[in-house]
Every structure is written in C-alpha cells, then in structure tokens.
Amino acid sequence: MPTPDQPARPTLKRAVGKVQFFTVAFGTIIGVGWMVYLGYWLEPAGPVGASIGFAAGTLLIALISICYAEMASMFPVSGGELAYTYESFGTGTSFITAWTLAFIYTAVAGWEGIAIGVLAESLFPGFGGPVWYTLFDVPVRPGKLALGLGVMAVLVWMNIRGIAKATRFQDLMTYGFLALCAVFIGAAFLFGDTANLEPAVLRSESGSIMPGIIAAFVTAPFFLAGFDVVPQLMEERAPGTTGRAAALMLVLAVLGAGAFYVLIIMSGSMIVPWQQLLEYDQLPAATAFQETFSSPFFSRAVLAAGFIGILTTWNAVIIAASRVFFAMSRARMLPTFLGSVHTGHGTPSGALLFVGGLGALGVVLGEGAIAPIVSAATICFGIIFALVSIGVVKLRVTRPDARRPYRVPGGIVTAVGSALAATLFVVLALGDPYEPGEGIPVAWMVIIACFLLGILFWFASGRLRKSVTEPQRRELILGEEAPSE
C-alpha cells in the first residue's frame with residue numbers, strides 16, 4: 001500500500017516463465033529480416049566474409065548482453081533501460097533513453113506490418129491490388145495495408161487479453177519456426193555444393209576484405225537487438241523464476257540467433273552460386289530453394305518460417321514498447337493513460353493501444369520505409385547499448401556492494417569493452433553501407449521525428465513530472481527493488 005506521501009504504483013500480472021524469456025528474446029531477434037537482407041549481406045562480402053562479419057558482431061552483442069543481464073538482475077522491473085539509466089544518470093537521460101527505445105520498438109512494429117504484406121505478395125502474386133499512393137518512391141497497395149493493419153489490431157487485442165496468452169503464442173510460433181528452419185537448412189547442407197560459395201570472400205577495389213565484412217558486421221545491432229525485450233518483462237516473472245535465470249536467457253538468445261544467421265548465410269549460398277541470389281528481387285532464400293529443388297515445398301517452408309518470424313518479432317516488440325511506455329507513465333514522465341492497467345487481465349492496456357496506433361502509422365509508410373528504419377534503429381540501439389554498459393561501470397564504482405544476482409565476468413573491464421563495442425556500431429552505422437546517398441537522410445528523418453515527438457511529450461508532461469519528488473519517482477520506477485541510498 002502506498003503511504004500518504006507516496007503515489008500509488010500500478011503493477012502488472014506475473015505470468016512469464018524462464019523458458020518464455022528465451023522464446024520472447026529469440027523470436028524477437030530472428031524475425032523476417034534474414035529473408036530480405038540475405039542478398040545485402042552477400043553482395044559486398046561474399047558468404048564467408050558475411051559470416052565472419054556477422055559472427056564478430058554476434059560476439060560483441062553478446063558482450064553487451066551480459067551487461068544487460070547484470071542490470072536486469074539488479075533491477076527486475078518493467079521498463080528495463082528506464083530504470084538502468086535513471087539509477088546511473090538521472091531523470092533527463094532516462095527519459096531520452098526510454099522514449100527512444102519505445103519509439104524504435106514501435107517503429108519496428110510498423111516495419112513488421114510492412115514486411116508481412118511483402119511476404120503475402122510473394123505467396124499470392126497480385127495480392128496487394130492497385131497502387132493507392134507512393135512514398136519514398138515505392139508504391140503502397142491496399143491489400144498489403146489492410147493485412148498489416150489487421151494483424152496489428154489482432155496482436156494488440158491478444159496482448160490486452162493477458163501476457164500469458166501472448167507468451168504462449170510466442171512459444172508456439174518459436175518452436176514451429178525452429179522446426180521449419182531445421183528442414184530447409186538441413187536440406188541445404190545435405191544437398192548443397194560448397195563450390196557455390198566461391199568466391200568465399202570479396203575484396204574491395206583496394207584489395208581489402210574489410211569493407212565487406214564491416215558491411216555485415218554493422219547490421220548486427222539491429223538484427224540481434226531483440227535480446228533487450230527481456231528486461232521489459234522482468235517485473236512479470238512467474239513465481240519461482242529468478243531474476244538471474246531470466247537474465248541469462250537473453251545471453252543465450254543472442255548466441256543462438258547469431259548461430260542461426262551464420263547458418264542461413266552459408267546454407268543459402270550453398271544451394272545455388274551465391275551471386276545468383278543477388279538477381280532475385282525479393283526473398284532470395286525462398287526463390288533459391290524453389291529453383292534448386294524444382295519444388296514449391298522448400299520455398300514455402302522458407303516463406304512459412306518468415307511469416308512466423310514476422311509474428312514473433314511483431315508480438316514481442318509490441319510487448320516491449322508497451323512496457324517501456326507504461327513504466328515511463330508510472331514514473332510520471334508521460335501522460336497517465338499510458339500507465340493504465342486492465343483490471344481483469346493485469347496488462348498495460350493504455351500503452352498497448354498507443355503502441356498499436358503509432359505502429360499503424362508506420363505501416364502506412366509502405367515498403368520504402370524498411371531500409372531507413374533499419375538504419376535508424378541500428379544507430380539508436382547502439383547509443384542505448386553504450387549507455388547501459390557505461391551504467392554498469394558507474395554503478396560498479398558508486399555502489400560496489402549492491403545486490404547483483406548476476407555479475408558481468410571481468411567486471412568493469414568487460415563493461416568498458418561493451419561500451420566501446422556499442423560506440424563502434426554507432427560510428428559504422430552512420431555510414432550505412434547498404435543505402436549510400438539514400439538511406440541515411442531518411443533514417444535521420446526517422447530519428448529526428450523520434451526526438452521531436454519526445455520533446456513534445458517532455459514539455460507536455462512537465463506539470464505531471466513535477467507532481468512527484470525524485471525520491472518518489474525512484475520508488476515508482478524501482479518499487480521494492482529500490483536500494484537504500
């Protein structure tokens with residue numbers, strides 16, 4: 001019960017088990033991007049070069065993920081990064097960090113709404129219908145728009161009905177995804193030809209292999225970023241699921257997803273000469289399997305896996321974005337309706353509706369927004385990863401005796417390395433190797449829109465923010481996890 005001086009702190013229902021933390025994280029990470037981006041990874045690097053780049057990116061993201069594991073075990077509350085950066089840097093930085101994270105999650109929800117239309121048109125040619133309008137030089141069609149908006153509505157409704165339903169759906173979809181992938185990846189290694197991998201590594205005009213490897217490396221933050229969904233759900237752990245066990249699931253999910261991406265790059269390049277994949281306009285992996293085996297079965301298995309990947313990522317980013325908005329509202333940083341909890345289901349219904357509405361606007365932008373969202377998200381995730389890693393260093397110095405159910409191996413040295421890795425990702429992402437001259441300007445438009453909306457909400461919530469003292473806000477953010485000063 002809150003004291004007369006302490007505002008009420010709404011809480012969410014606890015129903016997420018240990019294994020579900022893995023399926024939520026892994027399902028978020030994988031998504032459908034591997035189907036769209038396979039050719040982009042291969043073109044500048046070759047199959048082995050792309051695999052080296054992505055494997056290196058995975059190791060650095062794993063380094064970042066163990067910093068997250070320490071923070072998540074220390075502060076197992078909704079909002080994740082909101083709590084970490086609040087404890088490390090204060091209100092202003094925590095607002096910017098959490099707002100940016102929630103906005104990017106919501107943008108990715110829109111991204112998935114666009115991607116599902118692309119996939120549906122691959123399965124059913126002509127599905128999109130006539131051109132309604134054009135954005136970013138790409139036509140937008142009513143069929144794709146209706147599908148994206150319709151599935152968005154269903155997922156939001158399911159999440160309002162309860163986190164247990166949403167995570168059971170995630171379990172089912174993730175296990176189905178893994179089963180399908182085992183079929184077509186196994187077929188590629190069994191029937192593929194290693195001669196198709198040549199040349200395994202490409203060189204630039206100067207003779208260096210590094211530009212191509214870096215091109216794959218720099219995409220790792222976006223394609224592995226789903227692990228940070230776990231911190232958003234820590235407050236909803238089922239009884240008996242420890243904070244340490246849940247936090248370790250995010251590290252396991254990163255390593256498993258990184259291995260999956262490397263297997264996709266290599267297996268896809270073995271079934272046909274990999275240069276041939278570059279000739280396919282959309283979804284090169286599915287097209288390659290169909291042409292190689294002269295059967296639609298493997299192609300449809302790839303497409304089905306992609307469809308499931310869309311749903312798992314989509315579901316998880318809706319969960320994550322809503323929890324960040326909910327935690328910000330609970331801390332009196334955003335309007336109170338975002339902190340409303342469904343009386344029957346114990347879910348953040350106000351935040352879920354807000355995410356659904358904002359994500360729907362992303363769907364309306366159409367396919368031309370896909371590459372800019374990847375670029376913008378990579379930059380933003382890199383900055384947030386760096387802040388969390390620096391926060392680990394700061395709290396190790398200022399609160400060396402604080403309770404840490406999971407501790408980063410190597411301590412401050414590892415955390416500093418994690419911060420440097422995240423900074424490297426940001427620097428490299430600013431030179432987006434896939435969309436030179438086009439992607440970066442639009443990506444910056446996405447980032448500018450994020451910050452302008454954040455500034456608008458910051459000032460609009462000024463009176464609400466000042467209605468509580470900082471000690472009260474700390475209690476609202478951390479609850480029982482708030483350590484004594």
Side-chain angles (χ1 to χ4, degrees), residues 18 21-22 25 29 55-77 79-90 93-94 96-98 101 217 220-221 224-235 237 241-259 380-428 474 477-485:
K18 180 174 69 174
F21 280 99
F22 173 81
I29 293 171
T58 299
L59 293 177
L60 290 188
I61 293 296
L63 191 67
I64 294 167
S65 74
I66 63 175
C67 289
Y68 264 78
E70 176 166 311
M71 285 292 209
S73 69
M74 285 182 71
F75 308 116
V77 295
E81 289 88 339
L82 174 71
Y84 313 156
T85 52
Y86 182 83
E87 283 295 276
S88 303
F89 308 109
T93 302
S94 67
I96 294 170
T97 301
L101 182 67
F217 172 85
L224 294 171
F227 73 85
D228 56 331
V229 169
V230 167
Q232 319 313 332
L233 284 171
M234 291 295 284
E235 190 173 314
R237 302 187 320 279
T241 300
T242 65
R244 186 177 191 277
L248 286 174
M249 290 297 102
L250 65 86
V251 181
L252 181 61
V254 168
L255 295 175
C380 292
F381 280 132
I383 294 170
I384 293 168
F385 293 165
L387 285 172
V388 172
S389 302
I390 294 168
V392 170
V393 175
K394 183 174 181 179
L395 293 180
R396 282 291 188 104
V397 172
T398 58
R399 296 180 189 169
D401 299 325
R403 182 183 63 87
R404 292 175 171 85
Y406 174 81
R407 298 178 69 89
V408 171
I412 289 177
V413 173
T414 302
V416 169
S418 173
L420 292 174
T423 303
L424 177 62
F425 281 124
V426 174
V427 172
L428 294 176
R474 191 162 182 262
I477 292 174
L478 300 177
E480 295 178 357
E481 305 298 333
S484 58
E485 293 288 359

Q: Verify side chain to side chain contact (heavy atoms under 4.5 Å, CB included) between Phe385 and Ile61, making sure each step is shown before the conclusion.
A: CA-CA 9 Å; Phe385 293 165; Ile61 293 296; 4.2 Å; yes
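- Between Pro76 and Arg237, the closest heavy-atom pair is CB-NH1, 3.1 Å.
- Side chains of Leu478 and Tyr86 form no contact here, defined as non-hydrogen atoms less than 4.5 Å apart.
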Q: Using the side chain to side chain contact (heavy atoms under 4.5 Å, CB included) rule, take Tyr84 and Met74 through it: C-alpha gap first, then chi angles, then the decisive distance, then the call.
A: CA-CA 9 Å; Tyr84 313 156; Met74 285 182 71; over 6 Å; no
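- No side-chain donor-acceptor contact under 3.5 Å links Thr93 to the backbone of Thr85.
- To the nearest 0.5 angstrom, Leu250 atom CG is 8.5 Å from Ile29 atom CD1.
- Remark: Thr97 engages no residue in a side chain to side chain donor-acceptor pair (under 3.5 Å) (not counting sequence neighbours).
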Q: Could you give me the CA-CA distance, side-chain angles and deciding distance for Phe217 and Leu60, then say whether side chain to side chain contact (heavy atoms under 4.5 Å, CB included) is met?
A: CA-CA 10 Å; Phe217 172 85; Leu60 290 188; 3.4 Å; yes
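- Contact check for Ile477 versus Phe75: no side-chain heavy atoms found under the 4.5 Å cut-off.
- In this structure, the ring of Phe381 has its center no less than 6.0 angstrom from the ring center of Phe227.
- Taking each heavy atom of Val388 and Met71 in turn, the nearest pair found is O-CE, 3.9 Å.
- Nearest heavy atoms, Ala253 versus Ala25: CB-CB, 3.6 Å.
- Residues Leu82 and Val77 form no side-chain contact, since every pair of their non-hydrogen atoms from C-beta on lies 4.5 Å or further apart.
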(Q) Run Glu87 and Lys394 through salt bridge (Lys or Arg N to Asp or Glu O under 4.0 Å) and show every step you take. (A) CA-CA 10 Å; Glu87 283 295 276; Lys394 183 174 181 179; over 6 Å; no
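- Here Phe21 contributes atom CZ and Leu252 contributes atom CG; the two are 14.0 Å apart, rounded to the nearest 0.5 Å.
- Annotation: the span from Thr241 atom OG1 to Met249 atom CE amounts to 10.0 Å, rounded to 0.5 Å.
- Taking all atoms of both residues into account, the shortest heavy-atom contact from Gln232 to Leu101 is NE2-CD2, 3.7 Å.
- For the pair Glu70/Ile66, no side-chain contact is recorded, criterion being any heavy-atom separation below 4.5 Å from C-beta on.
- Atom OG1 of Thr423 is separated from atom CG of Leu387 by 9.0 Å, given to the nearest 0.5 angstrom.
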Q: Test Leu248 against Arg244 for side chain to side chain contact (heavy atoms under 4.5 Å, CB included), laying out the working first.
A: CA-CA 6 Å; Leu248 286 174; Arg244 186 177 191 277; 3.5 Å; yes
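- Taking CD1 of Ile64 as the reference point, atom CG of Leu224 lies at 9.5 Å (rounded to 0.5 Å).
- Partners of Glu81 according to the salt bridge (Lys or Arg N to Asp or Glu O under 4.0 Å) rule, which considers only residues two or more places apart in sequence or in another chain, do not exist here.
- Ala415 approaches Ser389 most closely through the heavy-atom pair O-CB, 3.7 Å.
- A donor-acceptor contact shorter than 3.5 Å links the side chain of Ser73 to the backbone of Ala69.
- Counting all heavy atoms, side chain and backbone alike, Val392 lies closest to Cys67 at CG2-O, 3.7 Å.
- Judged by distance alone, the side chain of Ser65 and the main-chain N or O of Ala62 form a donor-acceptor pair under 3.5 Å.
- Note that CZ of Arg399 and CZ of Arg404 are 9.0 Å apart. Values are rounded to the nearest 0.5 Å.
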